[in-house]
Asker: 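Below you'll find the structure I mean.
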Amino acid sequence: TVSGGTHVFGTTVVGDLAAMMSTRIDTLIVLPTIAIRKLTSGLPKVYIELPGLINGATLDTVDVFTVGGGTAPTTTHATMFVGRQLLHNGDVAGTIDTLCATVDDAHLASGTWTTDVLKTSMTTSTNNVIDLQNYRYWVCITSPDSTDATTGLFVDNVRAKYLVSDIRP
């Protein structure tokens, strides 16, 4: 029996499955920690595919949990946004659409860097009805920059929150 708070394959189902009308579902992917660091000129970007999405649901919010490494950025903090990319014959090959504005990593506002894991939230506002037949969905994270080569950002996990109006067949 699936009921409120039961974990099914990494997905938290909120509410009674028989009455899944306008229910919020969260999926969380716990990653092996991903380190993002500038190695040479230009700021590298990392794309992390969003976990456990349901076709036809509305993507609401994506949370990225990060901690800083090395010294705090002196020139540019990490930024991130949620996007989708058009598939061509099953491969990612098409246009990139952004689903929200680019935001700064939460460490910029907190004034801390290496002492805590912080959550950066992005609320999607356009192109947010999930279409897994035609698109792949991901979060793009741009590296922080510094005059110190030890500066890096560690991504611990990513959570997608979405609304499902009805998942009955």
Side-chain angles (χ1 to χ4, degrees), residues 5 7 9-14 23-54 57-86 92 94-132 135-164:
H7 294 276
F9 302 111
T11 301
T12 302
V13 179
V14 181
T23 299
R24 176 182 301 276
I25 297 178
D26 296 354
T27 58
L28 174 69
I29 183 167
V30 178
L31 304 166
T33 300
I34 297 171
I36 305 170
R37 192 176 89 185
K38 177 182 174 181
L39 298 176
T40 58
S41 64
L43 296 176
K45 295 179 180 179
V46 173
Y47 295 84
I48 301 170
E49 192 165 353
L50 295 179
L53 300 178
I54 295 176
T58 301
L59 184 59
D60 181 41
T61 306
V62 175
D63 298 325
V64 178
F65 297 85
T66 60
V67 65
T71 59
T74 55
T75 54
T76 307
H77 269 267
T79 60
M80 52 191 82
F81 70 91
V82 179
R84 70 178 187 175
Q85 191 163 18
L86 186 63
V92 176
T95 307
I96 296 173
D97 298 320
T98 56
L99 281 62
C100 68
T102 299
V103 299
D104 291 318
D105 177 68
H107 290 91
L108 178 61
S110 76
T112 63
W113 184 244
T114 59
T115 58
D116 52 0
V117 175
L118 293 179
K119 175 180 74 173
T120 302
S121 295
M122 294 159 284
T123 301
T124 62
S125 56
T126 59
N127 301 313
N128 59 349
V129 175
I130 299 166
D131 177 1
L132 297 175
Y135 295 93
R136 286 293 175 258
Y137 295 80
W138 37 258
V139 61
C140 174
I141 305 171
T142 302
S143 170
D145 194 8
S146 181
T147 55
D148 185 330
T150 67
T151 300
L153 185 71
F154 297 94
V155 180
D156 287 331
N157 55 54
V158 175
R159 178 174 57 202
K161 297 178 185 179
Y162 46 95
L163 301 172
V164 177

Asker: Please step through side chain to side chain contact (heavy atoms under 4.5 Å, CB included) for the pair Val155 and Val46, ending with a clear verdict.
Answerer: CA-CA 10 Å; Val155 180; Val46 173; over 6 Å; no
Asker: Per the salt bridge (charged side-chain N to carboxylate O under 4.0 Å, His left out) rule, what does the pair list look like for residues 94-114, sequence neighbours excluded?
Answerer: Arg84-Asp97
Asker: Once you round to the nearest 0.5 Å, how far does CG of Leu86 lie from OH of Tyr135?
Answerer: 5.0 Å
Asker: Does a side chain donor of either Asp63 or Ser121 reach within less than 3.5 Å of an acceptor in the other side chain?
Answerer: yes
Asker: Would you indicate whether the side-chain heavy atoms of Leu99 and Met122 approach each other to under 4.5 Å?
Answerer: no
Asker: Could you tell me whether a side-chain N or O of Thr123 sits under 3.5 Å from a main-chain N or O of Cys100, the two making a donor and an acceptor?
Answerer: no
Asker: Rounded to the nearest 0.5 Å, what separates atom CG in Leu153 from atom OG1 in Thr66?
Answerer: 4.5 Å
Asker: Holding to side chain to side chain donor-acceptor pair (under 3.5 Å), I want the full list of residues that pass it with Asp131, two or more places apart in sequence or in another chain.
Answerer: Asn134
Asker: Is a side-chain N or O of Asn128 found less than 3.5 angstrom from the main chain of Leu59, in a donor-acceptor match?
Answerer: yes
Asker: Listed by chain and number, what are the ring-ring contact (aromatic ring centres under 6.0 Å, His included) partners of Phe81, not counting sequence neighbours?
Answerer: Trp138
Asker: Who are the side-chain contact (heavy atoms from CB on, under 4.5 Å) partners of Thr112, not counting sequence neighbours?
Answerer: His107, Ser110, Thr115, Asp116, Leu118
Asker: Who pairs with Ala57 by side-chain contact (heavy atoms from CB on, under 4.5 Å), at least two apart in sequence or on another chain?
Answerer: Ile54, Ile130, Tyr162, Val164
Asker: Give me the atom names and distance for the closest heavy-atom approach of Leu53 to Ala160.
Answerer: CD2-CB, 4.0 Å
Asker: Between the side chain of Trp113 and the main-chain N/O of Pro73, is any donor-acceptor distance below 3.5 Å?
Answerer: no
Asker: Applying side chain to side chain donor-acceptor pair (under 3.5 Å), can you list everything that pairs with Thr114, at least two apart in sequence or on another chain?
Answerer: none
Asker: Of Leu132, Val62, Val82, which meets side-chain contact (heavy atoms from CB on, under 4.5 Å) against Tyr137?
Answerer: Leu132
Asker: Side chains of Tyr47 and Val139: does their closest heavy-atom pair fall under 4.5 Å?
Answerer: no
Asker: Roughly how far, to the nearest 0.5 Å, is the CE atom of Met80 from the SG atom of Cys140?
Answerer: 9.5 Å
